[in-house]
Undergrad: 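One structure is given below, represented as structure tokens, and several questions about it will come after.
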Protein chains: 2
Amino acid sequence: MRPENIDVTGLPPRPSPDHSDCRAVASVLARVGDKWSVFVIMMLIDGPKRFNELKRMINGISQRMLTLTLRGLERDGLVTRTVFPTIPPRVDYELTDLGRGLAEPVKALGQWAFTHLPEIEGARNDFDTRNAE
Amino acid sequence: MRPENIDVTGLPPRPSPDHSDCRAVASVLARVGDKWSVFVIMMLIDGPKRFNELKRMINGISQRMLTLTLRGLERDGLVTRTVFPTIPPRVDYELTDLGRGLAEPVKALGQWAFTHLPEIEGARNDFDTRNAE
DNA sequence: CTGTATCCGACGTGATACTG
DNA sequence: CAGTATCACGTCGGATACAG
């Protein structure tokens, strides 16, 4: 079950494509698409940040969601978590090389979204008013 | 409430950044991140497709989800829906110019995900076994 | 400061049945 | 063929309280 046998890589057709890769690619896309990951990545681009520092920068994120988001990014090897056993405790989060690599295509996507925002919002308005009354 | 005042465009700092754009960019990212949109876009890159044609190509998608995904893409102006009032009915879905434009950064992201799959899966395994017992 | 634990409502997704 | 309607379930996310 679920999306198999689909090539979303845009890569030229390979001789013996491994179709199971599709699910895995989708899982990476899902991380990018989740509500907060991209924001956290963007915040970390210009250097490591502390937990509450991130929380303050990302307006509206809850403590719980920041924790979960950071755990997810850490699990995928995109972010490192270093604990300084001081009192009070201090924890720094920093992008890995992998994370910095991911930031590039993500920024490209963000730029596209930003430049085409008017068209998309226009299309949404048109669609909504068409299906209004 | 919610992610405001955050620049996820990666654009060089502008004089008077419009912070409300952030939410809108996030909504585009959310579309890319949802479970099926990217697959549909990829399927439509090389020409228009019919409803059931898409359903067959995307292994595992339900009729309901295909409908909802296509509606969402149509609403955002990424896909056109043309009905041929024949019997039986025939409906073609096709990428708009906007949709084809979006496909580019999405493909870039897909390529990145594909090439770095081993590192990510490795990191996930490491993380999971570290936090196992 | 940096989390974890718990509760709860909202939403996304799938399965199934039905319609024009 | 191309949907819509309904239900059922699981996950996501926010709020709050508490801990090391």
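In what follows, every chain begins at residue 1, and chains take the letters A, B, ... in the order their sequences are listed.
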Undergrad: Considering residues at least two apart in sequence or located in another chain, which fulfil the side chain to side chain donor-acceptor pair (under 3.5 Å) criterion with A:Arg64?
TA: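 For A:Arg64 there are no side chain to side chain donor-acceptor pair (under 3.5 Å) partners, ignoring immediate neighbours.
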Undergrad: Tell me which pairs pass side chain to side chain donor-acceptor pair (under 3.5 Å) where either residue lies in residues 78-87 of chain A, with sequence neighbours left out.
TA: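 Checked against side chain to side chain donor-acceptor pair (under 3.5 Å) - neighbours excluded - the pairs reaching residues 78-87 of chain A are A:Arg81-A:Tyr93.
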Undergrad: I need the CG-P distance between A:Leu66 and D:dC12, as an integer number of Å.
TA: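 In whole Å, D:dC12 P lies 17 Å from A:Leu66 CG.
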Undergrad: Does A:Lys35 have a side-chain nitrogen or oxygen under 4.0 Å from the phosphate oxygens OP1 or OP2 of D:dG14?
TA: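 So the side chain of A:Lys35 is within the cut-off, an N or O lying under 4.0 Å from OP1 or OP2 of D:dG14.
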Undergrad: Let me know the distance between CG of B:Asp34 and C1' of D:dC12, rounded to the nearest Å.
TA: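 Atom CG in B:Asp34 sits about 15 Å away from atom C1' in D:dC12.
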Undergrad: Has A:Arg50 got a side-chain atom pairing as donor or acceptor with A:Arg90's backbone, closer than 3.5 angstrom?
TA: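 Side chain of A:Arg50 to backbone of A:Arg90: no pair is present.
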Undergrad: Search all heavy atoms of B:Leu54 against all heavy atoms of B:Leu44 and return the closest pair with its distance.
TA: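 Closest approach of B:Leu54 to B:Leu44: CD2-CD2, 3.9 Å.
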Undergrad: Have B:Ser27 and A:Arg124 got a donor and an acceptor in their side chains that come within less than 3.5 Å?
TA: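 The answer is yes; a qualifying pair exists.
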Undergrad: What is the distance, rounded to the nearest whole Å, between atom CD1 of B:Ile87 and atom C1' of C:dG20?
TA: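 Rounding to the nearest Å, CD1 of B:Ile87 and C1' of C:dG20 are 9 Å apart.
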Undergrad: Between atom CD1 of B:Ile61 and atom CE of B:Met43, what is the distance when rounded to the nearest 0.5 Å?
TA: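 It comes to 10.5 Å.
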Undergrad: Listed by chain and number, what are the side chain to side chain donor-acceptor pair (under 3.5 Å) partners of A:Ser37, not counting sequence neighbours?
TA: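 So A:Ser37 forms a side chain to side chain donor-acceptor pair (under 3.5 Å) with A:Asp34.
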Undergrad: Protein within reach of the bases, or only the backbone? For nucleotides 2-9 of chain D, mark each nucleotide 5' to 3' as B, S or -, using heavy atoms under 4.0 Å.
TA: BBB-B---
Undergrad: Using whole Å, what does the distance between atom C1' of nucleotide C:dT13 and atom NZ of B:Lys55 come to?
TA: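 Value for this atom pair: 13 Å.
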Undergrad: At 10 degrees resolution, what angle do the end axes of the helix from C:dC1-D:dG20 to C:dG20-D:dC1 form when each is taken over five base pairs?
TA: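 For the helix from C:dC1-D:dG20 to C:dG20-D:dC1, the axes at either end differ by 40°.
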Undergrad: Could you check how far CD1 of A:Ile58 sits from C1' of D:dG13, rounded to whole Å?
TA: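 Atom-to-atom, A:Ile58 to D:dG13, this comes out as 15 Å.
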Undergrad: Starting from C1' on C:dC11, measure out to CG on B:Leu68 and report it in whole angstrom.
TA: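 Rounded to whole Å, this separation is 12 Å.
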Undergrad: Distance check needed: C:dC1 C1' versus A:Lys49 NZ, whole Å only.
TA: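 About 17 Å, once rounded to whole Å.
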Undergrad: Could you give all pairs that pass the salt bridge (charged side-chain N to carboxylate O under 4.0 Å, His left out) test and reach residues 40-49 of chain A, with sequence neighbours left out?
TA: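 Listed once each, the pairs are A:Asp46-A:Lys49.
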Undergrad: Quick one: A:Met65 CE to C:dT6 P, roughly how many Å, whole number?
TA: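 Interatomic distance, CE of A:Met65 to P of C:dT6: 16 Å.
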Undergrad: Can you tell whether the side chains of A:Glu104 and A:Lys107 come within less than 4.0 Å, N to carboxylate O?
TA: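 Answer for the salt bridge query: yes.
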